[in-house]
Amino acid sequence: MTSALKVEADPEELGFDPARLSRIDDHFARYVDDGRLAGWHAVVARDGRVVHSSTAGNRDLEAGLPVTDDTRWRIYSMSKPITSVAVLMLWERGALELTDPISRWLPEFAEPRVYVKGSAAKPLLEPATEPIRVWHLLTHTSGLTYGFHHAHPVDALYRAAGFEWGVPEGLDLAGCVQAWARLPLVFQPGTEWNYSHATDVLGRLIEVVSGQALDVFLAENVLGPLGMDATGFVVDDPERLAALYVNNPATGRAVLAESAGMGGMGREVHGPSWLSGGGGLVSTAADYHRFTRLLLGRGEVDGVRLLGSRTVDYMGRNHLPGGLDLEQVGRPLFAEMPFNGVGFGLGVSVVTDPVAYRTLASAGEMAWGGAASTAFWVDPAERVTAMFFTQLLPSSAHPIRTQLRGLVYQALVD
């Protein structure tokens, strides 16, 4: 059973104004009051010690079940940093190099083809001039994509193959990877940034390199050692799982995903048909707080070290081509979520210029979020971590992430 997440320190002792911290609750309570969110859990910590943990609303509005410390949340793409840490652990052990072509373990990627021009029905392709390397997968510069982007002819090819918000029935992780390898790349590997199934391919890479299923490797090497006992691909307590909602753009209110025809986005209580290292984990605030402490602690939590300190430092540097930010070299996820001044490291975004970002932040901040509007960040400069959990698709529906940043940093007064 996961441990409860309680306030561990006097906010003033760690440089926060308690009255200003309460603005987090006041602001996001309005999201519940007007129906934009069913419920949420917000957590702020400094030096790994929780100074603010608050909840509001319901994990299941229709059933009248409130958000609690041990609510299980679909974290979707907040799975990616966890899978990336697992890959970096294998790197530290010498099992692979970041520069290794992934075809060394996944021969289906031996001869990738790259989109040049044309429609999805008649694309013109050319051979890849550079093999897809482990580093490309970690940085989303591989040329892979997601079907749900609706921004490129190759995205349409993914949808035609059955990959949008789910995968074709009967495919396991190995089958999914083989199917993606048959599809063209959006660009030549290493030249641009495009959010994609890259971390799912990393999950399969972990399986082949380690000889263990992804869920087993994560449990034995990452989740177990960190004490993240409520995190996994299977919901250990279905009654604690939050309901999934979608934004109704006409009203701005949250509508149950099942009633909107998107029930398939939810994780399966008895286990998924495929193990998605890019988006398949369910977790709790207490568990994910342990993970943020790992990053803040440069690879170590309470005497448990998973990564070397220099590896975490390297993970948190901008690895994009030419040192550019996501707006310059990337294909933005949503127009409502600009990434000026934000680069990308090994599995996490990295703030490179807070002024260009137009948001209170520190250079070197590591962060990411999930499709259902969950988010976290780790600020090594201020020694601050913050998390927000809710269950609303899409993550661009409301400016939750930038609002939370402003509310956290305006409360920091030391």
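Computed from heavy atoms alone, side chains included, the values below leave out hydrogens, waters and symmetry copies. It should be emphasised that the depicted structure is a prediction, and the values quoted were computed from it without experimental measurement.
In this model, no donor atom of one side chain and acceptor atom of the other lie less than 3.5 Å apart for Asp325 and Thr352. For Glu192 and His140, the side-chain atoms include no donor-acceptor pair closer than 3.5 Å. With hydrogens and angles left out, the side-chain atoms of Tyr31 and Gln403 include a donor and acceptor closer than 3.5 Å. Between Lys80 and Ser77, the side chains place a donor N or O and an acceptor N or O closer than 3.5 Å (distance only, hydrogens not considered). Side chains of Thr145 and Asn194: a donor-acceptor N/O pair is present below 3.5 angstrom, by distance only. A donor atom on one side chain and an acceptor atom on the other are not found under 3.5 Å apart for Glu169 and Ser273. Counting only N and O atoms by type, the side chains of Ser362 and Asp379 include a donor and acceptor under 3.5 Å apart. Side chains of Glu220 and Gln212: a donor on one and an acceptor on the other come within 3.5 Å.
The backbone N or O of Trp135 sits less than 3.5 Å from a side-chain atom of Thr139, completing a donor-acceptor pair. At distances below 3.5 Å, not a single donor-acceptor pair connects side-chain atoms of Thr292 with backbone N or O atoms of Val378. Side chain of Glu97 to backbone of Asp100: no donor-acceptor contact under 3.5 angstrom is found. When atom types are taken as modelled, the side chain of Arg358 and the backbone of Val355 share a donor-acceptor pair closer than 3.5 angstrom.
Taking the ring centroids of Phe109 and Trp180, they lie at or beyond the 6.0 Å cut-off. Ring pair Trp368/Tyr195: centre-to-centre distance below 6.0 Å. Checked against the 6.0 Å centroid threshold, Trp165 and Tyr146 do not count as a close aromatic pair. When ring centroids are compared, Tyr314 and His319 come within the 6.0 Å threshold. For Phe388 and Phe28, the ring centers are positioned less than 6.0 Å apart.
Between Arg46 and Glu382 a salt bridge is recorded (basic side-chain N to carboxylate O distance below 4.0 Å). Using a 4.0 Å cut-off between charged nitrogen and carboxylate oxygen, Asp237 and Arg72 do not count as a salt-bridge pair. Ionic pairing of Arg36 and Asp34 is present here: one or more N-O contacts between side-chain nitrogen and carboxylate oxygen are shorter than 4.0 angstrom.
Within a 6.0 Å radius of CD in Glu111, no more than 12 heavy atoms belonging to other residues, nucleotides or ligands are found. No more than 12 heavy atoms of other residues, nucleotides or ligands shown are found within 6.0 angstrom of CZ on Arg310. Other residues, nucleotides and ligands contribute at most 12 non-hydrogen atoms within 6.0 Å of the CD atom of Glu239.
When all heavy atoms are compared, the tightest approach of Ser84 to Thr199 is OG-CG2, 4.5 Å. Val312 and Gly299 get closest at one heavy-atom pair: CG2-N, 3.5 Å. For Tyr115 against Leu125, the heavy-atom pair with the smallest separation is CA-CD2, 3.7 Å. Heavy-atom minimum distance, Ser54 versus His41: O-CD2, 3.2 Å. Closest of all the heavy-atom pairs between Asn318 and Leu324 is ND2-O, 3.0 Å. Taking both residues in full, the closest heavy atoms of Thr231 and Thr284 are given as OG1-N, 4.5 Å, listed atom of the first, atom of the second, then distance.
Aromatic ring pairs are classed by plane angle as parallel below 30°, tilted from 30° to 60° and perpendicular above 60°; the pair His197 and Phe163 is perpendicular.
Between Phe376 and Pro81, the closest side-chain pair of non-hydrogen atoms falls below 4.5 Å.
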(request) Would you please test His149 and Glu164 for side-chain hydrogen bond (donor to acceptor under 3.5 Å, both in side chains) and show each step? (result) CA-CA 8 Å; His149 283 327; Glu164 186 168 9; over 6 Å; no
